[in-house]
2 protein chains.
Amino acid sequence: MEKKEHKDCMSLLVPVRDTLDVIGGKWKLLILISVWEGNKYFREIERSIPKLSTKVLAKELKDLEANKLIRRTIIDDYPVRIEYTITEHGKTLQTVIETLRDWGLTHRKEIFGK
Amino acid sequence: MEKKEHKDCMSLLVPVRDTLDVIGGKWKLLILISVWEGNKYFREIERSIPKLSTKVLAKELKDLEANKLIRRTIIDDYPVRIEYTITEHGKTLQTVIETLRDWGLTHRKEIFGK
DNA sequence: TTTATTGATTACCTTTTGGTAACTGATTAC
DNA sequence: GTAATCAGTTACCAAAAGGTAATCAATAAA
């Protein structure tokens with residue numbers, strides 16, 4: 001009976017993975033924060049983030065919208081405009097971002113001098 | 001003078017990115033938690049995580065060790081054994097993991113029924 | 001009328017990440 | 001002697017992520 005008991009780490013890791021999938025990747029948080037800061041239009045967001053291409057931006061905006069972190073609104077004016085804004089759900093990421101930043105700073109101290 | 005002022009989001013995002021680089025990827029957290037739970041030996045860790053290959057495990061263990069989240073100890077016995085253990089620094093990830101889990105659960109409620 | 005801007009899409013290519021399977025040398029069990 | 005276990009390494013592939021450049025229709029400005 002040398003069977004190793006190990007805790008149910010899946011009920012922990014599945015939601016962790018969900019979060020990482022939503023905010024992971026090279027651009028997602030940059031784009032989210034750009035919108036959060038008030039950049040509303042596609043080109044405006046694009047210009048606010050150096051090196052970001054239209055293709056990647058279009059794809060990432062779709063992902064962020066699908067996850068309800070940002071809202072895509074069609075303003076039926078002449079000409080039609082499309083506005084991106086942060087949602088209340090998007091704003092709940094604040095704690096997460098702060099936690100990641102705090103640990104990142106701790107980690108730097110641990111890895112480089114302290 | 002229509003220059004857009006935007007906050008210094010880099011001092012926020014650089015440490016955030018550091019954290020995501022350290023714990024991101026498909027296997028890092030699974031391996032970390034396996035070691036955390038007490039799996040000490042290479043094959044033991046490998047067997048504790050289904051579908052994980054030796055190549056990926058070897059690479060991820062190196063990364064985790066380089067980031068001082070786990071410790072690789074050579075036990076100079078006959079035969080030599082190699083033990084992986086979690087470090088104190090590794091344990092500081094607990095808050096981060098819990099925050100990610102909590103937001104992941106909130107997010108699921110937001111996306112699917114609530 | 002030509003040019004520029006809007007919010008994208010498409011085809012193509014490169015880089016990164018992850019996966020498969022064979023193999024290593026050292027040791028131990030049968 | 002043969003087979004298995006230890007901690008990995010190596011070569012080769014496949015998939016995913018990301019990047020480049022051209023193009024689109026609609027509208028507006030020169």
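Residue numbers begin at 1 in each chain, while the letters A, B, ... track the order of the sequences.
dT5(D) atom P lies 15 Å from atom CZ of Phe42(B), rounded to whole Å. As rounded to whole Å, 11 Å separates atom P of dT28(C) from atom OH of Tyr78(B).
The only option from Ile97(B), Thr99(B), Leu100(B) that meets the side chain to side chain contact (heavy atoms under 4.5 Å, CB included) definition with Thr19(A) turns out to be Leu100(B).
In the set dG18(C), dT28(C), dG18(D), dG18(D) carries the atom at the smallest distance from any side-chain atom of Glu60(A). Out of dG19(D), dA8(C), dA22(C), the shortest distance to the side chain of Thr54(A) is found at dA8(C). Among the nucleotides dT27(C), dG8(D), dT27(D), the one closest to any side-chain atom of Ala58(B) is dG8(D). Side-chain proximity of Ser53(A) to dG19(C), dT20(D), dT9(D): nearest is dT20(D).
Ring geometry, Tyr84(A) versus Phe42(A): the interplanar angle falls from 30° to 60°, so the pair is classed tilted.
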- request: Would you please test Glu88(A) and Lys91(A) for salt bridge (Lys or Arg N to Asp or Glu O under 4.0 Å) and show each step?
  value: CA-CA 5 Å; Glu88(A) 284 312 304; Lys91(A) 288 181 187 171; 3.6 Å; yes
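For Trp27(B) and dG19(C), the shortest distance from a side-chain N or O to OP1 or OP2 is below 4.0 Å. Contact annotation: Arg72(B) reaches the phosphate of dG8(D) (side-chain N/O to OP1 or OP2, under 4.0 Å). Using a 4.0 Å cut-off, some side-chain N or O of Tyr84(B) falls inside it from OP1 or OP2 of dG8(D).
Counting non-hydrogen atoms under 4.0 angstrom, Lys59(A) reaches nothing in the nucleic acid. Within 4.0 Å (heavy atoms only), Lys62(B) reaches sugar-phosphate atoms of the nucleic acid but no base atom.
In this structure, dC30(C) and dG1(D) make a Watson-Crick or G-U wobble pair, each of the two defining distances being under 3.5 angstrom.
Of the two residues contacting DNA chain C, namely Arg81(A) and Lys55(A), the nearest-nucleotide position lying further toward the 5' end is that of Arg81(A). Mapping Glu83(B) and Lys51(A) onto DNA chain D by nearest heavy atom places Glu83(B) closer to the 5' end of the strand.
The shortest heavy-atom contact between Asp21(A) and Lys28(A) is O-NZ, 4.3 Å.
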